[in-house]
Amino acid sequence: KLTVHCIIDMSRGFYTKEHIIESELEILTALEWHVNQPTVMDYCRLYWKLFPKSLKSKRMNASCQYLAEVALDDAYFISKPHSLIALAAVLLAAQRLGVGVAETDSFLQNVPEVITNTLE
């Protein structure tokens, strides 16, 4: 990731943190803050990290991707938050892959904390 400090280093100190932040704000304002939001799969990957490592697999990723694509093909889901679609996809994929009730309950208990930390 390109951080503010990397940009300062690349400019050999010509630009300050304030210059960079001001420029980024000008760009975002010009774009009217229309920037890409996280995709359903971005949220799926975030949620899937809450399951034990032994449950993470390519099958889970493929199942989440399939379920997300099916949901997004339905006009009903277009207006729904990507985070909510991803949560449903992860839960359905976990169910399809035979993830136990204890792991699913543990996952659901951790979701609010992850969402809060992501928004901060």
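All of these numbers come straight from a predicted model, not from anything done at the bench.
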Side chain to side chain, [X] and [Y], heavy atoms closer than 4.5 Å:
X    : Y   : value
M10  : L2  : yes
Q37  : D42 : no
L72  : I78 : no
C64  : M41 : yes
F107 : L91 : yes
V90  : M60 : yes

I need the I7 CD1 to Y15 OH distance, nearest 0.5 Å. 10.5 Å
To the nearest 0.5 Å, atom CD of E24 lies from atom CD of E26 at 11.0 Å
Tell me whether [X] shares a hydrophobic cluster with [Y], the cluster being built from Ile, Leu, Val, Met, Phe, Trp, Tyr side chains joined at under 4.5 Å.
X   : Y   : value
Y76 : L84 : no
V70 : L92 : yes
V99 : L87 : yes

Geometric cation-pi criterion, K49 with Y47: 6.0 Å, 45°: no
Applying side chain to side chain contact (heavy atoms under 4.5 Å, CB included), run through W33 and T29 and close with a yes or a no. CA-CA 6 Å; W33 290 82; T29 302; 4.3 Å; yes
Salt bridge present between D9 and R12 (N-O < 4.0 angstrom): no
Closest heavy-atom contact between [X] and [Y]?
X   : Y   : answer
A71 : I85 : CB-CG2, 3.9 Å
A86 : Y43 : CB-CB, 3.3 Å
L67 : A89 : CD1-O, 3.4 Å

Is there a side chain to side chain contact (heavy atoms under 4.5 Å, CB included) between R45 and N61 once you walk through the steps? CA-CA 8 Å; R45 287 183 201 99; N61 189 54; 4.3 Å; yes
With sequence neighbours excluded, what pairs up with R96 under the salt bridge (charged side-chain N to carboxylate O under 4.0 Å, His left out) test? none
Test applied, side-chain contact (heavy atoms from CB on, under 4.5 Å); reference residue, E18; option that passes from I20, I21, T16: T16
When you measure from the side chain of S23 to the backbone N and O of H19, does any donor-acceptor pair fall under 3.5 Å? yes
